[in-house]
Amino acid sequence: MEMDPSENVLGGPLESCSTSPLTGFFRDGHCNTCAADQGSHTVCAVMTEEFLAYSKYVGNDLSTPRPEFRFPGLKPGDHWCLCASRFLQAHDEGCAPRVNLTATHARALEVVPMDVLETHALSES
C-alpha cells in the first residue's frame, strides 16, 4: 500500500493526531491514507460524550474496548482519525466533534467541505 502524501487540509505537513490511543489507518498516529483506505480515516477529531453516543447509535461503537483488535475504546478527550463520511454525517446531525485541522489529511476535503471543517476547528489549529 502506497501512502498518499502527508499533507493537511491547510496545505502544510500532516501533524500527529494521537499516539495514545494510537490512531490512523496505518496506526502511525497520523490520519494518513491511501487508495486502500475505503473509509477515508482522515479527520482528526476530539471525542466527546455526545459524538461517542451518536457513533454507537449509528452502528460504530468506538467506546467499548476490543482487546482482540488492540483497541482500547475511546473516551471523551481522546483524539481519533475518523472516517470523513461519519464526521460529515455527525455534522449534519448536529453532533460533530472538534477537529484538529493541522492533523486532518487533505484527502478529507474530497468528502467534507473546508467550511464545515473550519466550523468545528479547535482554536489551537
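Predicted, not measured: the structure shown is a model, and the values here were computed from it.
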Side-chain donor/acceptor pairs under 3.5 Å, residues 83-92, sequence neighbours excluded:
unit_1, atom_1, unit_2, atom_2, d
Arg86, NE, Gln89, OE1, 2.9
His91, ND1, His120, NE2, 2.8

Side-chain donor-acceptor distances from residues 51-63 under 3.5 Å, at least two apart:
unit_1, atom_1, unit_2, atom_2, d
Ser55, OG, Asn60, O, 2.7
Asp61, OD1, Ser63, N, 3.0
Asp61, OD1, Ser63, OG, 3.1
Asp61, OD1, Thr64, N, 3.2
Asp61, OD1, Thr64, OG1, 3.3
Asp61, OD2, Thr64, OG1, 2.5

*So which pairs with a foot in residues 92-118 pass ring pair (Phe, Tyr, Trp, His ring centres under 6.0 Å), sequence neighbours left out?*
none

State which residues pass salt bridge (charged side-chain N to carboxylate O under 4.0 Å, His left out) with [X]; sequence neighbours excluded, sorted by chain then number.
{"X": "Glu68", "result": "Arg66"}
{"X": "Asp37", "result": "none"}
{"X": "Arg27", "result": "none"}
{"X": "Glu110", "result": "Arg107"}

*asked:* Listing request: all disulfide (SG to SG under 2.5 Å) pairs with a residue in residues 10-44, at least two apart in sequence or in separate chains.
replied: Cys17-Cys44, Cys31-Cys81

*Tell me, please, which residues at least two apart from Glu50 pass side chain to side chain contact (heavy atoms under 4.5 Å, CB included).*
Thr48, Cys95

*Contacts of type side-chain hydrogen bond (donor to acceptor under 3.5 Å, both in side chains), residue Ser16, not counting sequence neighbours*: none

*Remaining members of the apolar cluster that contains Phe25, side-chain heavy atoms under 4.5 Å*: Met1, Met3, Phe26

*Which ILVMFWY residues can you reach from Leu14 by hopping between side chains whose heavy atoms are under 4.5 Å apart?*
none

